[in-house]
2 protein chains.
Amino acid sequence: MTPAPGSPGDVLTLISAGSATTRSDLARLTGLARSTVSQRVDALIESGLVEETESGESTGGRPPRQLRLHTDGHAFAGVDVGATHCRVALMDISGEVLAECEDPLLVTEGPETVLAHVDRRLDLLLAQAGRPRSALRALGMGVPGPVEFATGRPNNPPIMPGWNDYPIPEHFADCVVLVDNDVNVMALGEHRNAFPGTSHLLFVKVGTGIGCGIVAEGRLHRGAQGSAGDIGHIRVSGHDDAGCRCGNSACLEAVAGGAALARRLTDLGVPAATGADVVALVLAGDTLALRLVREAGRHIGEVLAGLVNFFNPEVIVIGGVLSRVHEHLLAGIRETIYRRSLPLATHHLSIVPSRTGEDAAALGAGLLAIEHYLSPDNINKIVTP
Amino acid sequence: MTPAPGSPGDVLTLISAGSATTRSDLARLTGLARSTVSQRVDALIESGLVEETESGESTGGRPPRQLRLHTDGHAFAGVDVGATHCRVALMDISGEVLAECEDPLLVTEGPETVLAHVDRRLDLLLAQAGRPRSALRALGMGVPGPVEFATGRPNNPPIMPGWNDYPIPEHFADCVVLVDNDVNVMALGEHRNAFPGTSHLLFVKVGTGIGCGIVAEGRLHRGAQGSAGDIGHIRVSGHDDAGCRCGNSACLEAVAGGAALARRLTDLGVPAATGADVVALVLAGDTLALRLVREAGRHIGEVLAGLVNFFNPEVIVIGGVLSRVHEHLLAGIRETIYRRSLPLATHHLSIVPSRTGEDAAALGAGLLAIEHYLSPDNINKIVTP
DNA sequence: ACTCTTTGTTCGATGATCGGCGGAAGATAT
DNA sequence: ATATCTTCCGCCGATCATCGAACAAAGAGT
């Protein structure tokens with residue numbers, strides 16, 4: 001009936017996405033003959049990528065044998081290198097987290113120090129999960145700055161001294177390494193974890209600075225130089241006095257970033273050094289801090305309103321430290337977006353706080369690695385070697 | 001050597017893109033055996049999609065037989081429905097224009113009138129080109145408002161009374177019809193005609209209003225509701241007094257659109273009704289009009305600077321009526337973008353006037369139709385029926 | 001215990017693809 | 001002019017993936 005699509009590797013994609021859990025599902029979805037499906041599934045089981053579990057529910061006939069990704073024998077790592085912390089997650093091929101850790105660590109220590117730390121943590125986590133180092137198939141990493149994705153080299157990152165053009169992948173010898181901007185991997189983690197099915201999503205990180213990860217057609221949009229999503233230096237109106245570290249004035253980050261809010265609070269007599277301090281003040285009931293956060297929301301909303309018109313996403317997710325007080329931040333953001341964006345674009349738009357939280361970056365980095373490993377190209381190399 | 005990609009229909013894609021002009025090219029590019037390539041090419045010739053031309057240059061051995069799309073027997077139409085004009089282009093399958101016409105026509109006349117006009121012009125052009133109506137394979141159309149692309153129905157278009165939700169494709173019985181926003185098809189036309197090879201491109205139309213077509217990964221980005229690229233109502237700073245027809249104030253369109261410029265010129269004692277009048281004044285050497293255009297460029301640049309940070313395109317193309325005085329418009333745009341965007345994003349960014357001109361919309365609409373017809377899915381249906 | 005339904009496997013048939021061989025057609029050397 | 005080399009292209013038997021029918025397995029319903 002169907003004109004038989006079903007490219008090789010397609011079968012695995014359907015299993016890993018959870019769209020198909022039995023052989024007959026696969027036959028129906030791919031249009032391939034049942035015998036062909038069985039043969040391919042056998043090859044996948046043979047190569048250790050898929051396993052059979054106990055039989056499922058019968059629907060009146062012989063109960064189907066359930067299929068799922070074989071989660072033993074492989075391991076994948078997601079690394080979240082932040083400005084002041086480093087989180088490493090060990091995941092199995094289905095995306096489940098096997099073990100995880102977080103340590104304070106300054107990215108300014110430089111690549112050798114940081115990557116050596118990652119390496120030690122990897123060994124630790126692998127030991128915890130009871131898997132040998134050789135099980136590690138791929139590693140994804142998010143770093144706080146722009147990256148040339150194809151080569152895994154940071155591209156003039158402002159807050160990562162010593163990392164410029166450093167070939168991060170070479171540090172991990174027998175393992176595929178994918179490096180991306182931290183906001184991108186957060187967007188990926190949030191999308192895959194909380195909003196699969198959504199085609200166009202924006203993830204906005206409101207921390208010390210402000211950045212944005214873009215998911216278009218379900219895939220990350222990185223732009224021509226890999227610098228897409230850098231919305232922290234978009235101009236907001238009415239704040240020409242706010243100077244920014246980039247040399248311009250009225251940048252969103254200089255008006256509504258965590259660092260800017262802390263500075264303004266300090267100026268107004270309420271001492272605060274970081275975005276986290278601002279959050280703490282809000283949670284403690286400080287009305288001045290609360291007002292500033294809500295106002296920051298309006299400024300972020302002003303920029304996002306423009307991007308909603310331009311990009312027309314289905315979902316905007318707000319993450320980062322400031323999202324811990326998301327009720328107040330979101331109020332300002334929503335208010336402005338619904339006022340300044342076109343009705344057609346906002347009609348089905350959801351604006352929500354992060355559902356994945358602290359884990360989004362490490363998770364997303366791991367998923368970057370897993371999805372690369374499971375990509376049709378790569379699978380064709382692995383199965384029947 | 002290569003792991004043999006080469007899906008069916010891939011061969012035709014390579015020929016139509018001009019990437020391969022001989023059988024050996026195809027063998028090399030697809031990784032298929034020479035004999036297989038020959039067999040597939042034969043099938044394509046059989047079905048009338050490809051033809052052989054005279055032998056090409058020898059490189060020391062037997063000269064290869066050239067292959068190209070067979071341009072007889074098929075026809076495709078690109079229709080550009082503007083606010084006050086209607087242009088129809090008849091193209092062959094290679095994208096070459098066979099015949100073309102433009103007439104003044106008000107879109108406010110409503111769908112029946114406009115589409116009947118299109119129908120008459122199609123017959124005329126087909127006669128000019130000496131092809132029967134049955135040769136028409138697909139038709140693309142750009143209209144001045146938002147469209148639900150999947151169904152070809154305008155979606156609450158502000159300047160197209162009577163068109164809302166009208167099922168345009170049903171008007172053309174035996175022919176695939178694709179309808180999209182006019183700025184989108186202009187972006188497509190400009191990209192395919194002048195900037196193939198570019199992955200990420202923005203096409204900005206500066207006319208009565210201001211809109212933007214987005215090409216990402218070489219394909220049109222339409223967004224969740226098909227309203228992506230509507231940048232005319234993004235806020236610009238310092239113009240809270242400029243009211244916009246959308247109900248808000250300080251919209252880009254209300255500050256820098258052709259209609260707004262004409263109104264301001266009139267207010268300042270220089271009568272002008274439309275963007276075209278403003279252009280005429282500039283060309284006549286009116287310094288006030290010139291200053292306004294340059295200032296409009298700065299405002300457009302302010303918005304584009306934000307979008308450059310967000311989207312990180314390789315090329316920005318400026319089109320629309322106002323681009324006829326692009327030296328002045330571009331000066332303001334470039335000035336602001338290079339001042340307000342991040343160096344990483346602007347380093348390899350080109351900002352150029354439209355190279356395709358008046359024809360971009362009809363051309364892009366036709367290409368939309370042709371590319372749909374040549375898509376692998378569709379080809380598999382056509383060849384060996 | 002019997003039949004029905006659904007699932008999964010086995011196996012011969014089919015068709016696409018491969019790769020080698022040889023002929024075609026021109027360039028280059030003799 | 002003749003011979004040789006290179007490249008291109010069609011032919012043909014071998015190979016491999018896929019298909020579909022038949023059969024076996026496993027449970028539900030009667």
Side-chain angles (χ1 to χ4, degrees), chain A residues 1-12 14-15 19-47 50-68 376 379-385, chain B residues 1-12 14-15 19-47 50-68 376 379-385:
Chain A
M1 216 40 71
T2 22
S7 60
D10 200 11
V11 169
L12 183 59
L14 288 167
I15 295 175
S19 320
T21 60
T22 71
R23 287 173 175 80
S24 21
D25 279 355
L26 288 166
R28 197 161 20 78
L29 290 170
T30 60
L32 271 59
R34 287 202 307 274
S35 49
T36 309
V37 169
S38 268
Q39 186 175 306
R40 289 208 185 155
V41 168
D42 286 348
L44 289 171
I45 291 176
E46 185 74 21
S47 63
V50 168
E51 67 179 347
E52 258 177 2
T53 65
E54 75 294 340
S55 291
E57 286 290 290
S58 164
T59 60
R62 171 175 172 173
R65 272 184 271 174
Q66 302 287 113
L67 301 171
R68 67 173 179 204
I379 287 302
N380 285 339
K381 284 183 210 158
I382 296 166
V383 74
T384 66
Chain B
M1 216 41 72
T2 23
S7 60
D10 200 11
V11 169
L12 183 59
L14 288 167
I15 295 175
S19 319
T21 60
T22 71
R23 288 173 174 77
S24 21
D25 280 354
L26 288 166
R28 196 160 21 77
L29 290 171
T30 61
L32 271 58
R34 285 181 304 267
S35 47
T36 309
V37 169
S38 268
Q39 187 174 307
R40 288 206 185 158
V41 169
D42 286 348
L44 290 172
I45 292 176
E46 185 75 22
S47 63
V50 168
E51 66 178 347
E52 257 178 1
T53 65
E54 74 293 340
S55 292
E57 286 289 292
S58 163
T59 59
R62 171 175 171 174
R65 273 182 273 172
Q66 302 287 113
L67 300 172
R68 67 174 179 202
I379 287 303
N380 285 339
K381 287 181 210 161
I382 296 167
V383 75
T384 65

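Values in this document were obtained by computation on a predicted structure and should not be read as measured data. Protein chains get the first letters and strands the later ones, always in sequence-line order, with residue 1 at the start of each.
Residues B/Arg40 and B/Leu26 are not in side-chain contact: their nearest non-hydrogen atoms beyond the backbone lie 4.5 Å or more apart. Annotation: side chain of B/Leu67 is in contact with side chain of B/Glu52 (closest heavy-atom distance under 4.5 Å). With a 4.5 Å cut-off on side-chain heavy atoms, B/Gln66 and B/Thr22 count as touching.
For C/dT17, the OP1/OP2 oxygens have a side-chain nitrogen or oxygen of B/Arg40 closer than 4.0 Å. In terms of phosphate contacts, A/Ser38 brings no side-chain nitrogen or oxygen within less than 4.0 Å of OP1 or OP2 of C/dG8. Contact between the side-chain N/O atoms of B/Thr59 and the OP1/OP2 oxygens of D/dT7 is not found at any separation under 4.0 Å.
Residue A/Arg28 contributes atom CZ, which lies 15 Å from atom C1' of C/dG8 at whole-angstrom precision. With rounding to whole Å, B/Glu52 atom CD is found 13 Å from C/dA25 atom P. One interatomic measurement links the two molecules: CZ of B/Arg65 to C1' of C/dA25, which rounds to 10 Å at whole-angstrom precision. With rounding to whole Å, B/Leu67 atom CG is found 12 Å from D/dC8 atom P. A straight line from CG of A/Leu32 to P of C/dG8 spans 15 Å, rounded to a whole angstrom. When rounded to the nearest whole Å, the span between CD of A/Gln66 and P of D/dA26 equals 16 Å. For the pair A/Gln39 CD and D/dG20 P, the computed distance is 14 Å after rounding to whole Å. Straight-line distance from the CZ atom of A/Arg62 to the P atom of C/dT6: 14 Å, rounded to whole Å.
Comparing A/Gly60 and B/Asp42 by the nucleotide of DNA chain D whose heavy atom lies nearest to each, the residue mapping closer to the 5' end is B/Asp42.
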Subject >> Trace of the side chain to side chain contact (heavy atoms under 4.5 Å, CB included) decision for B/Arg28 with B/Asp25 >> reply: CA-CA 5 Å; B/Arg28 196 160 21 77; B/Asp25 280 354; 2.6 Å; yes

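Within 4.0 Å of A/Arg34, counting heavy atoms only, lies at least one base atom of the nucleic acid. Using a 4.0 Å heavy-atom cutoff across all strands shown, A/Ser24 reaches sugar-phosphate atoms only and no base atom. Among the heavy atoms of the strands lying under 4.0 Å from B/Ser35 is at least one base atom, whether or not backbone atoms are also near.
One distance of note links CG of A/Leu29 with CG of A/Asp10; it measures 9.0 Å at 0.5 Å rounding.
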